[in-house]
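Just so we're on the same page: letters track the sequence lines, and every chain starts at 1. All figures in this text were calculated on a predicted structure; none of them were measured in a lab.
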Amino acid sequence: MPEPIIPEERDALAAELALGLLEGEERALAMRLRLSDPDFAATVDAWGKRFEPLCAGFEEQPSPALWPAIEHRLGGPGERDSHRALRRWRIGAIASGALAASLAAVLVLRPAPAPVEIVRAPDRTVIAQLGSGDAPGLLAASYDPAGGVLRIRAVRLPDSKLAPELWVIPADGVPRSLGLVAADGVTRVVVDAPHRALLSDGATLAITFEPHDGAPHKAPSSAPIAAGKISTI
Amino acid sequence: MVDTPASANRERLVANLARVAKGDQAALRAVYDTTAAKLFGVCLRISGDREAAEDILQKVYLKVWDRAGRFDAERASPITWLCAIARNTAIDWRRANGSTAHLPESAAAIVEDDSPLAPEVIDAATQRARIFDCLDALDERPRHAIRAAFFDGLTYSQLAEAMAVPLGTLKSWVRRGLIQLKGCLDDA
């Protein structure tokens with residue numbers, strides 16, 4: 001591409017760079033020009049300012065739970081995924097203000113993660129830790145795709161008359177029940193075929209307390225007490 | 001143009017970003033309070049999904065936290081800088097989630113949306129009206145392409161593919177459109 005010399009072409013090039021239209025060598029040339037030529041750099045900035053109102057045209061309030069979530073994540077690395085799962089949950093499944101408030105408290109109070117419980121398992125096994133050190137619930141899950149069997153161990157769960165129900169939340173954010181699990185010890189969950197594909201890297205496992213009757217339920221009725229992201233090992 | 005409130009807001013934002021660069025969490029909160037609605041709007045526009053937009057917005061402010069030291073008030077307006085982070089983060093999400101196929105339609109819907117204006121700065125509202133009017137004055141194809149570039153982060157080659165036209169044709173539409181847009185904005 002020849003060096004643009006006509007002012008209108010330089011101006012268009014600046015706009016193209018500001019808009020992100022260029023790629024490859026064209027972009028590299030424009031970036032170099034921006035670095036070497038203050039006038040051109042100013043033209044690019046001027047285009048950025050022209051487009052700026054497009055940014056401001058669609059203001060919309062995010063959920064009030066968002067700042068606590070950000071603040072939590074500033075507090076230290078780790079537990080981002082289960083944290084995100086919690087928040088997603090709140091937005092997707094919880095309408096009640098009281099529940100929202102209690103979950104917001106969980107978000108704020110959730111401490112730095114405890115040492116991860118290592119679940120030794122053969123290749124391609126899927127594992128997840130649900131909950132963390134001082135969270136109300138802590139569970140460890142492993143899944144063997146060959147047999148479609150998920151083993152989940154309740155390390156710690158709060159006392160409840162309700163039963164812990166296990167959910168998988170894939171990328172679409174919709175929780176699917178994998179059934180009730182035992183409140184202590186290991187539960188062996190045979191995952192039915194339609195749900196097996198959902199147990200992949202990045203999906204979230206979560207536990208809520210639900211009534212015994214009617215399980216597996218279509219949707220959770222309360223906030224999760226533990227959640228964690230699946231990773232394939 | 002009387003822009004005292006706008007420039008006071010800007011100064012405050014610049015000062016807060018400088019404090020964020022030094023690790024001041026309260027300053028980030030202040031930046032969040034004044035800009036979250038705006039940046040959330042950008043994330044929502046680009047992702048088209050409220051839940052995804054909230055995830056993206058979290059990432060945006062974590063990036064602001066990490067990068068505030070790189071903000072140069074001499075070179076860019078803080079809002080432009082923040083919007084660029086929001087836009088890029090949302091575009092990354094969009095690319096990672098492989099939903100580019102229907103993007104031009106989403107971009108086409110943007111101008112029809114008459115979302116309410118923020119009451120705070122009349123000046124911004126005037127500017128908004130102006131750029132939207134000027135975009136509206138363009139021919140359909142360059143208008144479509146420029147919007148898709150801004151809101152969906154499409155490059156020339158991606159736009160050419162999405163709009164099923166030769167790259168050279170698309171470039172000449174867009175360049176003409178950009179020159180016309182500038183003329184309109186400068187005249188107004």
Side-chain angles (χ1 to χ4, degrees), chain A residues 4 7-9 11-16 18-24 26-27 38 41-75 77 80 83-85 87-92 171-174, chain B residues 25 28-29 32-33 36-42 44-45 50-55 57-58 61-62 65 75-77 79-80 82-84 86-88 91 97 110 113 115-118 124 127-132 146-147 149-151 153-157 159 171 174-175 178-179 181-182 185:
Chain A
E8 277 196 344
E9 275 188 19
D11 206 37
L13 184 70
E16 289 166 343
L19 265 183
L21 282 162
L22 305 175
E23 54 201 321
E26 275 188 331
R27 181 162 196 274
T43 312
V44 176
D45 290 345
W47 272 106
K49 281 210 185 79
R50 287 190 189 103
F51 289 120
E52 184 183 309
L54 290 178
C55 272
F58 309 102
E59 303 203 5
E60 182 123 8
Q61 288 300 332
S63 152
L66 211 60
W67 172 257
I70 292 168
E71 199 171 35
H72 171 87
R73 285 170 70 166
L74 292 178
R80 291 189 172 185
H83 180 64
R84 181 183 307 166
R87 195 185 49 68
R88 208 174 246 163
W89 195 288
R90 198 196 71 77
I91 292 160
D172 65 9
V174 180
Chain B
Q25 223 161 297
L28 186 70
R29 174 71 200 253
Y32 180 89
D33 284 344
K38 203 169 276 181
L39 302 192
F40 185 59
V42 173
L44 193 54
R45 276 290 140 185
R50 206 174 170 92
E51 195 178 289
E54 299 209 336
D55 274 353
L57 195 65
Q58 284 195 45
Y61 284 98
L62 293 169
W65 177 249
R75 289 242 4 228
S77 113
I79 280 291
T80 303
L82 291 166
C83 277
R87 189 170 156 253
N88 292 338
I91 287 167
N97 286 272
I110 282 160
D113 184 329
S115 24
L117 295 176
Q127 279 184 328
R128 173 183 188 262
R130 199 189 302 160
I131 190 159
F132 278 81
I146 290 170
R147 266 190 238 145
F150 187 85
F151 287 105
L154 301 193
T155 61
Y156 269 139
S157 57
L159 279 170
K171 284 187 179 178
V174 171
R175 286 194 187 137
L178 288 168
I179 290 163
L181 189 64
K182 177 167 181 266
L185 288 167

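- Taking all atoms of both residues into account, the shortest heavy-atom contact from B/Ile146 to A/Phe51 is CG2-CE2, 4.3 Å.
- Within the 4.5 angstrom heavy-atom criterion, atoms from both the backbone and the side chain of A/Gln61 approach chain B.
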Exercise for the section: Might you work through the side chain to side chain contact (heavy atoms under 4.5 Å, CB included) test for A/Glu60 and B/Arg50, ending with a clear yes or no? Expected result: CA-CA 10 Å; A/Glu60 182 123 8; B/Arg50 206 174 170 92; 3.0 Å; yes
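- Closest approach of A/Ala12 to B/Leu178, counting heavy atoms only: O-CD1, 4.2 Å.
- Rounding to the nearest 0.5 Å places CZ of A/Arg50 at 12.0 Å from OG1 of B/Thr80.
- The part of A/Ala18 that comes within reach of chain B is its backbone (N, CA, C, O), which places non-hydrogen atoms under 4.5 angstrom from that chain.
- Here the CD atom belonging to B/Gln58 is positioned 10.0 Å from the CG atom belonging to A/Leu74, to the nearest 0.5 angstrom.
- Scanning all heavy atoms of the two residues, the minimum distance from A/Cys55 to B/Phe150 falls at SG-CZ, 3.9 Å.
- When all heavy atoms are compared, the tightest approach of A/Gly20 to B/Thr155 is O-CG2, 3.7 Å.
- In this structure, B/Arg175 pairs ionically with A/Glu16, as a charged nitrogen and a carboxylate oxygen lie closer than 4.0 Å.
- Of all heavy-atom pairs between A/Glu52 and B/Ile79, the closest is OE2-CG2, 3.4 Å.
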Exercise for the section: I would like to know whether B/Tyr32 and A/Leu66 meet side chain to side chain contact (heavy atoms under 4.5 Å, CB included); could you show each step before the answer? Expected result: CA-CA 10 Å; B/Tyr32 180 89; A/Leu66 211 60; 3.4 Å; yes
